[in-house]
Amino acid sequence: MSAQASIEKIGLLMSNFQEVFENRPGMLGSPIEVYSMFFYIDRVTFIVQHGREMDPLSESWLTFMNEKGYTKGANDLVRRKLEQMGSDFSYLQAVRAEYTSWLKAKLPPSKSQDSSSK
């Protein structure tokens, strides 16, 4: 398999993860287990989609959590709420949607978006 084919395959896996998270998240584990994966999932997805590593100080899930007040020092408010909610993914899905919007606003438009707007 070529390097490009490998990258495309990884991109498909990341897309599949996102689809499962949105539609059948229980297949991935508990909300807390999935929450714990995001830091790494995001890094791989970012490399595939943007061709570079994300800036951990301005684009990462952890930076978002700090900026939005979801963490206060060592106090992780999202994790605490997930523990209270049990197997309900709705809160985690809402926070992820907020992160996606936040990150999209920080990134320059992609080349595909530029060409489609012309």
Side-chain angles (χ1 to χ4, degrees):
M1 183 181 296
S2 71
Q4 185 59 37
S6 296
I7 291 169
E8 289 172 8
K9 191 71 153 170
I10 292 167
L12 288 172
L13 289 170
M14 297 293 91
S15 292
N16 184 262
F17 176 89
Q18 184 61 33
E19 180 184 327
V20 171
F21 175 68
E22 291 171 2
N23 299 313
R24 299 175 309 282
M27 291 177 63
L28 300 171
S30 73
I32 290 176
E33 290 170 326
V34 175
Y35 172 63
S36 299
M37 292 181 225
F38 285 141
F39 176 74
Y40 298 101
I41 294 287
D42 290 343
R43 291 176 68 193
V44 171
T45 300
F46 201 90
I47 290 169
V48 170
Q49 290 179 347
H50 302 285
R52 65 175 177 85
E53 292 214 33
M54 70 174 25
D55 179 350
L57 299 177
S58 67
E59 299 166 333
S60 75
W61 171 246
L62 298 174
T63 297
F64 163 79
M65 297 289 285
N66 285 326
E67 276 188 22
K68 296 296 182 175
Y70 288 118
T71 55
K72 303 218 186 266
N75 191 6
D76 187 335
L77 305 174
V78 172
R79 186 176 184 91
R80 183 177 295 161
K81 183 149 183 164
L82 292 174
E83 288 169 350
Q84 294 169 354
M85 295 180 74
S87 62
D88 184 355
F89 276 85
S90 60
Y91 177 69
L92 184 56
Q93 288 169 324
V95 174
R96 282 302 286 183
E98 186 180 352
Y99 167 70
T100 301
S101 296
W102 173 86
L103 182 58
K104 192 175 188 178
K106 288 185 163 287
L107 296 173
S110 69
K111 292 177 181 148
S112 62
Q113 288 174 333
D114 288 343
S115 62
S116 66
S117 64
K118 292 180 181 177

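Residues: numbered from 1 along the sequence shown. Remember, it's a predicted structure, so these values are computed and weren't measured experimentally.
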Undergrad: For Arg24, enumerate each residue passing the side chain to side chain donor-acceptor pair (under 3.5 Å) test, keeping only those at least two apart in sequence or located in another chain.
TA: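 Counting only residues at least two positions away or on another chain, Arg24 forms no side chain to side chain donor-acceptor pair (under 3.5 Å).
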Undergrad: Following the transitive rule for hydrophobic clusters with a side-chain heavy-atom cut-off under 4.5 Å over Ile, Leu, Val, Met, Phe, Trp and Tyr, establish whether Val20 and Leu92 coincide in one cluster.
TA: yes
Undergrad: Applying the 4.5 Å side-chain criterion to the ILVMFWY set and letting contacts propagate, would Tyr99 and Leu77 be lumped into a single cluster?
TA: no
Undergrad: Within the side chain of Gln93, is there an N or O that forms a donor-acceptor pair under 3.5 Å with the backbone of Phe21?
TA: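 Here the side-chain-to-backbone pair exists.
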Undergrad: For Ala5 and Met1, work out which heavy atoms get closest and say how close.
TA: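 Heavy-atom minimum between the residues: CB-CG, 3.5 Å.
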Undergrad: Linking I/L/V/M/F/W/Y whenever any side-chain heavy atoms sit under 4.5 Å apart, do Val44 and Val34 land together?
TA: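 Shared cluster, yes.
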Undergrad: Do Glu98 and Tyr70 have side-chain N/O donor and acceptor atoms under 3.5 Å apart?
TA: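 Checked: Glu98/Tyr70 side chains pair up, N/O donor to acceptor below 3.5 Å.
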Undergrad: Between Val95 and Tyr35, is there a side-chain heavy-atom distance shorter than 4.5 Å?
TA: no
Undergrad: Kindly indicate, with the supporting measurements, whether the criterion side-chain hydrogen bond (donor to acceptor under 3.5 Å, both in side chains) is fulfilled by Thr71 and Asp76.
TA: CA-CA 5 Å; Thr71 55; Asp76 187 335; over 6 Å; no
Undergrad: CE/Met54 to OG1/Thr45 distance, rounded to the nearest 0.5 angstrom?
TA: 8.0 Å
Undergrad: Any side-chain heavy-atom pair from Met65 and Phe38 closer than 4.5 angstrom?
TA: no
Undergrad: Any donor-acceptor pair under 3.5 Å linking the side chain of Glu67 with the backbone of Thr63?
TA: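 Side chain of Glu67 to backbone of Thr63, a donor-acceptor pair under 3.5 Å: no, none is there.
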Undergrad: Ignoring hydrogens and angles, write down the donor-acceptor pairs under 3.5 Å from the side chains of residues 7-18, residues two or more places apart or on other chains.
TA:
residue: Glu8; atom: OE2; partner: Gln4; partner atom: NE2; Å: 3.3
residue: Ser15; atom: OG; partner: Gly11; partner atom: O; Å: 3.2
residue: Gln18; atom: NE2; partner: Glu22; partner atom: OE2; Å: 2.7

Undergrad: Who pairs with Arg80 by salt bridge (charged side-chain N to carboxylate O under 4.0 Å, His left out), at least two apart in sequence or on another chain?
TA: none
Undergrad: Would you say Glu33 and Leu28 make side-chain contact, with heavy atoms under 4.5 Å?
TA: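 In short, these two side chains do not touch, never coming nearer than 4.5 Å.
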Undergrad: Atom CG of Leu107 and atom CG of Asp55: how far apart are they, to the nearest 0.5 Å?
TA: 10.5 Å
Undergrad: State, with a plain yes or no, whether a side-chain heavy atom of Ser60 is found less than 4.5 Å away from one of Arg43.
TA: no
Undergrad: When rounded to the nearest 0.5 angstrom, what is the spacing between OH in Tyr91 and CE in Met85?
TA: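 So the OH of Tyr91 and the CE of Met85 are separated by 8.5 Å.
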Undergrad: Atom CG in Leu103, atom OG in Ser58: separation rounded to 0.5 Å?
TA: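 One finds 9.0 Å between CG of Leu103 and OG of Ser58.
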Undergrad: What distance separates Glu59 CD from Leu57 CG, expressed to the nearest 0.5 Å?
TA: 10.0 Å
Undergrad: Cation-pi between Arg96 and Trp61: NZ/CZ under 6.0 Å from ring centre and within 45° of the ring axis?
TA: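 Satisfied, under 6.0 Å and within 45°.
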